[in-house]
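Presented below is the structure to which this report refers.
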Amino acid sequence: MNAVVVELEGVVKRYGGTPVVHGVSLRCEPGETLGLAGHNGAGKSTLFKMMLGILRADEGHIHLFGEPLNGPRAREVRRAIGYLPENVALYDNLSGLETLRFFARLKSADPAACEGLLRRVGLEHAMRRAVREYSKGMRQRLGFAQALLGQPRLLLLDEPTNGLDPEAIHAFYGVLQELKQGGATIILSSHLLAEVQSRVDRLAIMAVGQLVAQGTVQALTAVAALPAQLRVMPREEARGRVGDALRAAGFEPMDRADGQLQAAVPASRRLAVLRVLDGLADALLDYALAEPTLEDVFLYHQRAAGAERRA
Amino acid sequence: MSRRPDWQWPLVWAIAAKEWRDRLRNRWVLAVAVVFGAFALLIAYFGGAQSGVVGLRSTAATVASLTSLAIYLVPLIALLLGFDAVVGERERGVLDLLLSLPVRRAELLVGKYLGLAAALAMATLIGFGAALVPLARGMDAAAVAIYLRFVGTALLLGLAFLSMAVLVSTVARDRTRATGAAIALWFGFVLVFDLTLLGVLVASAGHSASLWAPYALLLNPADVFRVINVFGADALRSSFGLGTLLAQGWNAPATLYGAMAAWIVAPLGLALWRFR
């Protein structure tokens with residue numbers, strides 16, 4: 001099959017005339033992990049559904065493994081995909097193991113692998129219990145196990161860590177790492193940017209149906225060139241002196257409601273601000289220099305795209 | 001459909017088996033079988049109470065009473081069984097997952113229909129069948145045959161309404177609308193249709209009605225069911241007053257069973273086309 005695993009070209013989807021996905025083009029190379037970020041309603045789930053052929057694109061074309069979605073090899077292509085929809089409610093009356101075996105039959109995957117998969121997602125103790133008794137996190141893990149059936153070469157995971165506790169999230173990314181090492185291509189969506197930023201090769205940011213930016217996290221951060229944020233807690237009697245020193249060095253400190261002073265620090269002036277702080281050691285109770293988060297970067301790109309549209 | 005080169009029956013069976021097991025496990029089959037069996041026995045023993053008789057009557061009379069009851073009950077149960085087959089899964093988000101799998105949409109729908117049909121068949125045959133055990137003591141072979149025809153046609157009636165329910169389920173945007181449509185279908189076919197037909201007959205004072213009225217009955221599977229079971233029994237024709245209408249041979253078994261088969265196949269076919 002083709003070298004490019006996922007290829008979207010000018011994909012448009014409209015609901016009643018209103019575009020919800022508007023001209024999205026995207027490529028994903030084998031073995032790549034792509035994060036799809038965006039606020040709720042940005043069109044991420046719709047994009048997933050079009051990639052899977054559940055929804056038909058109104059314009060543009062989509063190829064998976066170089067094949068069109070509803071072509072003669074559709075079954076073969078679908079067998080190579082693992083999909084976890086957002087907020088899926090599986091069958092209450094079946095046990096975890098029965099659920100997985102059902103999907104294994106539909107995917108023509110080996111039913112003998114089901115118990116192993118349930119162990120892999122940490123459901124070995126609950127596999128014979130009815131899904132009705134599962135917690136939200138357990139259901140999500142069962143859904144993930146389902147997506148792993150048949151050793152998929154492409155995983156499409158829509159908000160996969162929804163409802164998982166921190167420990168389970170950690171375990172989830174552990175499994176994802178193993179899959180990646182096994183050569184799987186992964187696209188996962190999340191609105192929790194902090195969570196995905198260290199775990200994806202590339203990030204695509206969606207806002208109101210459009211892909212507003214894509215690239216490595218480093219590249220997106222560099223383009224945004226956002227300043228770090230300095231926060232200092234001065235001793236009460238030294239508040240004036242601290243403010244003056246910062247202003248003298250060219251920063252613009254502002255009072256925060258919690259009594260701290262805050263100032264933006266561009267990347268080129270990091271060392272300068274540290275020198276100022278060094279001179280104020282006796283006047284400070286505490287300080288912190290916060291890097292721009294991916295959240296900030298994301299908001300920057302979203303706003304930039306909005307400004308571009310308005311212009 | 002099934003002539004497509006890559007139609008995969010194993011996938012259809014997997015889906016059917018899951019639906020069927022689901023209804024067994026949530027005791028749907030058991031509950032419906034108990035309802036059917038209990039009603040059959042109640043009617044067999046007390047159906048004649050209005051005329052001052054308690055106890056077993058003739059099989060023909062019992063089947064006639066059972067038919068009147070089944071016309072209300074069986075469509076309702078079949079509609080309840082099928083109305084959320086697709087739209088329910090859509091609302092739970094699991095339909096997206098199913099559609100992402102290497103399963104054709106038609107395979108999915110046919111599998112669901114067959115699984116639900118198996119559950120309905122099991123409940124109908126066990127429920128009405130179990131009632132036959134105490135009843136059979138007073139029956140001869142011909143009477144048993146009449147009773148079995150009732151059970152078989154009740155199943156066909158159920159399958160027809162299940163087919164309509166699945167159609168509703170593929171068309172409806174959400175579960176609430178599907179519920180509304182299912183209730184409307186039940187009212188339409190079980191209550192309104194006959195009333196309307198009767199109204200038209202009375203209003204036209206019978207002019208030319210005898211030509212088309214029998215055929216109009218074929219447009220309602222509940223009426224087809226009634227005709228097969230009530231008017232099939234010669235002794236009862238006169239007592240229902242419509243006997244004179246039914247002389248033209250339109251009610252040949254082939255026509256009636258053909259109409260029933262069409263009522264099973266057509267809505268499902270429409271659902272398949274709609275669900276593509």
Side-chain angles (χ1 to χ4, degrees), chain A residues 45-46 48-56 64 69-70 72-95 98-99 101-109 111 130-132 139-140 142-144 146-147 149-150 152 154-159 162, chain B residues 4-31 81 84-112 114-116 118-119 170 173-175 274-276:
Chain A
S45 295
T46 307
F48 273 126
K49 287 179 196 177
M50 285 194 287
M51 285 189 219
L52 288 156
I54 299 168
L55 292 176
R56 227 162 288 173
L64 300 183
L69 281 170
N70 295 312
R73 294 172 74 185
R75 271 201 219 265
E76 204 180 322
V77 171
R78 283 167 187 273
R79 230 169 258 140
I81 302 173
Y83 172 48
L84 175 61
E86 188 183 8
N87 297 328
V88 63
L90 295 164
Y91 303 108
D92 277 353
N93 289 324
L94 301 187
S95 73
E98 287 170 332
T99 305
R101 284 190 178 144
F102 169 62
F103 285 107
R105 284 178 74 185
L106 295 186
K107 241 180 152 178
S108 308
V131 171
R132 184 186 304 108
R139 285 163 192 256
Q140 193 71 1
L142 179 58
F144 183 45
Q146 171 279 133
L149 281 167
L154 169 63
L155 277 154
L156 299 176
L157 309 171
D158 199 354
E159 301 277 353
N162 243 357
Chain B
R4 291 238 181 133
D6 65 338
W7 180 269
Q8 297 211 350
W9 282 109
L11 301 179
V12 176
W13 296 135
I15 292 158
K18 190 244 138 214
E19 290 297 331
W20 182 72
R21 191 160 50 168
D22 226 11
R23 309 298 150 158
L24 268 191
R25 196 163 291 179
N26 68 12
R27 302 209 172 81
W28 184 93
V29 171
L30 180 69
L81 177 63
D84 74 341
V86 174
V87 76
E89 304 254 275
R90 194 192 300 276
E91 279 192 11
R92 289 145 46 86
V94 77
L95 187 66
D96 285 342
L97 182 51
L98 291 170
L99 294 179
S100 78
L101 300 171
V103 180
R104 288 179 163 278
R105 287 177 182 228
E107 288 165 349
L108 181 64
L109 203 63
V110 170
K112 276 191 168 292
L114 291 179
L116 295 175
T170 54
R173 286 232 304 276
D174 54 51
R175 223 168 158 267
R274 189 63 225 284
F275 192 55
R276 275 183 316 173

Part of Tyr83(A) within contact of chain B (heavy atom distance under 4.5 Å):
both
Among Asn87(A), Leu94(A), Asp92(A), which residue forms the greatest number of heavy-atom pairs with chain B at distances under 4.5 Å?
Leu94(A)
Heavy-atom contact with chain B under 4.5 Å, split by part of Arg132(A):
neither
For a quick test of reading the model, state the closest non-hydrogen atom pair linking Pro85(A) to Gly93(B) and the distance between them.
CG-O, 4.2 Å
Heavy atoms only, distances under 4.5 angstrom: which of Val94(B), Leu97(B), Asp22(B), Val103(B) has the most pairs with chain A? Name it, please.
Leu97(B)
Who passes salt bridge (charged side-chain N to carboxylate O under 4.0 Å, His left out) against Lys49(A), sequence neighbours left out?
Asp96(B)
Close side-chain approach of Leu106(A) to Ile15(B), heavy-atom, < 4.5 Å:
yes
Heavy atoms from other residues, nucleotides or ligands near CZ of Arg105(B) exceed 12 (cutoff 6.0 Å)
yes
Measuring heavy-atom distances to chain B, does Phe48(A) have an atom under 4.5 Å in its side chain, in its backbone, in both, or in neither?
neither
Interface moiety of Gln146(A) toward chain B, non-hydrogen atoms closer than 4.5 Å:
side chain
In terms of heavy-atom pairs under 4.5 Å with chain B, which of Leu69(A), Leu90(A), Leu55(A) leads?
Leu90(A)
Residues forming a salt bridge (charged side-chain N to carboxylate O under 4.0 Å, His left out) with Arg75(A), sequence neighbours excluded:
Asp6(B), Glu107(B)
Look up atom CZ in Arg21(B) and atom CG in Asn93(A), then write down how far apart they are to the nearest 0.5 Å.
10.5 Å
Please report the shortest heavy-atom distance between Trp13(B) and Arg105(A), naming the atom on each side.
C-NH2, 4.4 Å
Mind ranking Leu99(B), Leu98(B), Leu101(B) by heavy-atom pairs under 4.5 Å with chain A and telling me who comes out on top?
Leu101(B)
Measure Gln8(B) against the heavy atoms of chain A and call it side chain, backbone, both or neither at under 4.5 Å.
both
Is it the side chain or the backbone of Ile81(A) that comes within 4.5 Å of chain B heavy atoms, both, or neither?
neither
Can you find a side-chain donor-acceptor pair between Tyr91(A) and Glu89(B) that sits under 3.5 Å?
yes
Partner of Ser100(B) by side-chain contact (heavy atoms from CB on, under 4.5 Å), out of Leu156(A), Ile54(A), Leu84(A)
Ile54(A)
Check Lys107(A) against Pro102(B) and note the closest heavy-atom contact, atom names and distance.
CG-CD, 3.8 Å
Check whether more than 12 heavy atoms from other residues, nucleotides or ligands sit under 6.0 Å from atom CH2 of Trp28(B), and answer yes or no.
yes
